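Step one of this worksheet: look at the structure below.
Labels below follow one simple rule: chain letters A, B, ... track the order of the sequence lines, proteins then strands, and each chain is numbered from 1. These figures come from a predicted structure and were not determined experimentally.
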Protein chains: 2
Amino acid sequence: MKDMNRSDHIINVANRLILEKGYSAFSYADVAAEIGIQKASIHYHFPSKANLVQNVVGRYRQEVRANLSKLDSLTNDPREKLEQYLSYWEASLQSKATDICLCAQLASEIPILPEEVTREIRGHFRDITDWLVRLLRDAAAENRFAGGEAPINEMAHSILASIHGGLLASRAFNDARQFSMVKNRLMSLINGKTTVAK
Amino acid sequence: MKDMNRSDHIINVANRLILEKGYSAFSYADVAAEIGIQKASIHYHFPSKANLVQNVVGRYRQEVRANLSKLDSLTNDPREKLEQYLSYWEASLQSKATDICLCAQLASEIPILPEEVTREIRGHFRDITDWLVRLLRDAAAENRFAGGEAPINEMAHSILASIHGGLLASRAFNDARQFSMVKNRLMSLINGKTTVAK
DNA sequence: GTCTATAGCCCGATAGAC
DNA sequence: GTCTATCGGGCTATAGAC
């Protein structure tokens with residue numbers, strides 16, 4: 001965090017400000033003031049607001065993909081994977097109520113977002129949904145999927161919706177327990193590994 | 001819709017613009033232009049933006065409460081109630097992708113909203129959650145709650161989160177089917193009435 | 001109740017010196 | 001790469017005529 005080039009620093013600050021205020025309400029002036037430079041300097045690195053935000057969301061997607069890959073390499077247990085993923089958000093909310101998913105935050109402004117940003121947001125939603133589909137298939141293959149006859153695809157979309165809604169509610173009430181309730185329900189969808197055959 | 005006093009007309013237009021652009025991006029100028037009056041005229045009816053939006057959300061809450069009461073009086077079947085409620089949003093999304101829940105839309109801007117607006121949003125979330133709790137209790141009383149041992153309160157919060165996330169996703173992809181998938185999953189939580197004992 | 005006019009501020013973006 | 005200065009425009013809100 002200490003040695004950071006200017007572009008990365010700008011992206012970091014912009015990311016946080018978007019989570020706090022949304023796309024329309026955060027400004028070059030906000031970012032500049034916090035870093036201690038002038039607005040014009042930001043335009044040198046990111047010529048337009050649309051360009052800046054596209055870079056912010058692009059980096060967010062990169063990080064998320066890296067984290068999910070790491071999670072996939074750490075364990076093969078689908079329940080454990082889901083637990084880790086949900087715990088990440090739970091911990092994030094506990095430390096700072098505004099720390100929700102960048103794309104869930106931006107999604108509510110989609111009608112006024114530049115097209116290149118909208119594309120990134122949709123791409124992110126597909127990334128997570130695909131990951132959830134693979135996770136649920138793994139669980140189903142081990143007969144540990146507790147969703148009955150529910151189609152996997154439908155279930156994956158529904159899980160993502162719960163997560164986003166839960167993040168939003170947690171922030172609205174400044175209370176991480178709103179998300180924890182969602183987490184509890186979601187975890188019940190995948191049964192634990194039975195170590196001893198019955 | 002024809003005979004409408006000026007205040008109601010302003011509230012209607014503001015409501016739609018908030019759904020399209022959010023709190024920070026919609027303006028008195030937008031509303032004035034669409035109605036065909038001047039910005040200053042709006043300030044006569046609603047002295048500040050905070051006041052205007054509080055009135056918009058206040059009226060929304062009134063309407064929702066009235067609709068839920070009506071729904072409660074039309075049927076005692078919890079499954080039928082949930083179906084009707086979810087179908088309302090499904091139809092709304094099919095006719096216009098931006099027509100999501102006003103409070104779900106505003107929730108993402110909570111950190112920058114005037115306190116009186118935040119209070120209304122939280123109140124609305126509690127209204128719906130309470131309604132869902134009653135609905136789930138009714139279902140449980142008839143042994144038609146399919147959520148196993150899940151605590152009713154946790155389930156109600158989780159359902160509301162799914163709904164909000166589903167609305168957001170539908171709008172993000174401009175595709176009502178995103179919400180329909182959530183609806184299908186939610187409907188499976190309450191069993192149908194068995195007309196003949198097995 | 002609606003208008004014109006305007007105050008005072010913030011916005012994204014650009015030009016050009018250094 | 002960063003700065004100062006500025007353009008052209010948007011914003012909320014108010015004053016005061018009608």
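Within residues 29-45 of chain B, the residues that place at least one heavy atom under 4.0 Å from DNA chain D are, in residue-number order, B/Ala29, B/Lys39, B/Ala40, B/His43.
The distance between atom CD1 of B/Ile112 and atom P of C/dC10, rounded to the nearest whole Å, is 15 Å. Following rounding to the nearest Å, A/Lys49 (NZ) and D/dG9 (P) show an atom-to-atom distance of 19 Å. Remark: P of C/dG1 and CZ of B/Phe46 are 12 Å apart, rounded to the nearest angstrom. For the pair B/Asp8 CG and C/dG1 P, the computed distance is 13 Å after rounding to whole Å. Look at OH on A/Tyr28: it is 12 Å from C1' on C/dT14, rounded to the nearest Å.
Judged as a ring pair (Phe, Tyr, Trp, His ring centres under 6.0 Å), and not counting sequence neighbours, the contacts of A/His124 are A/Tyr60. A search for ring pair (Phe, Tyr, Trp, His ring centres under 6.0 Å) contacts involving B/Phe125 returns B/His164, not counting sequence neighbours. Every residue was checked against the side-chain contact (heavy atoms from CB on, under 4.5 Å) condition with B/Asn67, not counting sequence neighbours, and none meets it. In terms of the side-chain contact (heavy atoms from CB on, under 4.5 Å) criterion, residue partners of B/His45 (sequence neighbours excluded) are, by chain and number, B/Arg6, B/Ser7, B/Ile10.
Pairs of residues two or more places apart, or lying in two chains, that qualify as ring pair (Phe, Tyr, Trp, His ring centres under 6.0 Å) and include a residue from residues 127-163 of chain B are B/Tyr85-B/Trp131.
In summary, B/Glu63 and B/Arg59 engage in a salt bridge, as defined by a charged side-chain N under 4.0 Å from a carboxylate O.
For C/dC10, neither phosphate oxygen OP1 nor OP2 lies less than 4.0 angstrom from any side-chain nitrogen or oxygen of A/Ser27.
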